[in-house]
Amino acid sequence: MAGGDGPAGRTDAAAAVAVRFRELYGAAPDGVWAAPGRVNLIGEYTDFNNGFVLPLALPHTTVAAVSRRTDGVLRLHSADVRGGVARLAVEDLRPRSVTRWTGYPAGVVWALREAGHAITGADIHLASTVPTGAGLSSSAALEVVVALALNDLFELGLSGPELAVLAQRAENAFVGVPCGVMDQTASVCCTDGHALHLDTRDLSLRQVPFDLAAVGLRLLVVDTQVKHALGDGAYAARRAACEAGARALGARSLREIPYARLPAALEQLAGEPEDVRRCVRHVVGENHRVERVIGLLDEGDVRAVGPVLVEGHASLRDDLRVSCAELDLVVEAATAAGAVGARMTGGGFGGSAIVLVETADAETVTKAVREAFASAGHRAPRVFAAVPSRGAHRIN
Ligand code: ADP
Ligand code: MG
């Protein structure tokens, strides 16, 4: 991981990847692009139910230096992974044919070509400050930075949301990870000082003001640095349970169930397995929580968001059962130390939690979380501030 996160850090990172690109490939890159990781304020396990999400982009980015090629060769290199330059033929790209990290950028090339765009090869070198595997979407940042660079270099004229959908297709169909479209859309479409209200049913979006510094608040990300193996199967199982619930209710997706209908829907599901009922309660409740948070942000009542975050965590812990001891401990320790609110974020079973705090309390709360982790014998977490940042862009 290289470079800082402020504007100066981004310029440094861009210069560093350009220099390394020249060392690797023998010429200056055609351009340098950046795409951020993201954290989701609220709206968890809703995106594959056609529901609402509310992510914000992090100041942490994946920066890629890229040149166009016309001979069908794709060369890939990452500063963050040991190993030399990978060389692939674009003609030979098939779903799941490329393993490890190169599957993500190769998948983007494949998805663009599948969509009828004549990508004739590229040289790519990248470096990232997005923590990997922490639920902060380093994979989406990687896909999006490549998609945006190729869109510019091959003059494809695709819109941001179109690039996000193609990047998601790369991850779903080529890499084989069944993620929703939130991560890629956030990485493309977020703006400074805002959270992004994305309706995953029609991909409509709205920038919701989220200028925390102006109201004396801070959003901390606590990366637990753990990843429990349980996660992979659990995601698929929750997804299947949600689909079963929607089917039993005669709905295309759980998005169709309004919050006011939840009690009746649960009654209707009396004969269904308990996990289906729990998933339905979570998803319908979570969509409602996103709407509540947006209402509060629009009114400028940012502190009132805190209890909604805590409620969302309880639902993920007790109904969806995708939390873990470390994530629960962040929420417990932070709220006990005076945080305004906290919840796990992302897929769960490890990864990161977010903590909303008064700026004046940020240090006390961070210390309390660290101490709680130490006394529980957990590995020390990484803590940093999530300043709502801009989406993917060309640097030079
Ligand atoms: P997350 O998206 O939450 O960080 P994922 O498991 O979805 O976690 O994606 C992480 C994977 O993405 C890494 O294991 C690696 O294969 C790839 N990746 C992300 N960033 C980079 C990078 N800078 N260089 C190489 N590979 C990366
Ligand atoms: Mg990912």
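Start at 1 with the first residue, then count along the sequence. Both counts, for ligands and for their atoms, begin at 1 and track the order of listing.
- Contact annotation for Ser139 and ligand 1: heavy atoms of both the backbone and the side chain come within less than 4.0 Å of the ligand.
- An N or O contact shorter than 3.5 Å is missing between Val81 and ligand 1 by distance.
- Here the shortest heavy-atom distance to atom 20 (N) of ligand 1, taken over Val177, Thr132, Thr62, belongs to Thr132.
- Contacts classified as salt bridge (Lys or Arg N to Asp or Glu O under 4.0 Å) and involving residues 122-138 (residues at least two apart or in different chains) are given here: Arg69-Asp123, Arg75-Asp123.
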Contacts table for residues 295-302: side-chain donor-acceptor under 3.5 angstrom, sequence neighbours left out:
{"residue": "Asp298", "atom": "OD2", "partner": "Arg206", "partner atom": "NH2", "Å": "2.7"}

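- Counting the atoms of ligand 1 from 1 in the order shown, those under 4.0 Å from a heavy atom of Gly135 are 3 (O).
- Note on ring orientation: taking the six-membered ring where Trp is involved, the planes of Phe373 and His378 are perpendicular (angle over 60°, cut-offs 30° and 60°).
- The set of protein atoms (N, O or S) found at less than 2.8 Å from the Mg ion (ligand 2) reads Ser139 OG, by chain and number.
- The distance from ligand 1 to the heavy atoms of Leu126 drops below 4.0 Å at these ligand atoms: 22 (C), 23 (N), 24 (N).
- Against a heavy-atom cut-off of under 4.0 Å, Trp101 is close to the following atoms of ligand 1: 15 (C), 16 (O), 25 (C), 26 (N).
- Residue pairs meeting the salt bridge (Lys or Arg N to Asp or Glu O under 4.0 Å) criterion with at least one partner in residues 128-157, sequence neighbours excluded, are absent.
- Proximity of Asp80 to ligand 1, defined as any heavy-atom pair under 4.0 Å, is confined to the side chain (atoms from C-beta onward).
- Ring geometry for Tyr45 against Tyr235 counts as tilted: the plane angle lies between 30° and 60°, on a 0 to 90° scale.
- In terms of N/O distances under 3.5 Å, ligand 1 is not approached by Arg100.
- Between the Asp80 side chain and the Ser128 main chain, a donor and an acceptor come within less than 3.5 Å of each other.
- Those atoms of ligand 1 with a heavy atom of Leu136 less than 4.0 angstrom away are 3 (O).
- Here the shortest heavy-atom distance to atom 21 (C) of ligand 1, taken over Val63, Leu76, Leu142, belongs to Leu142.
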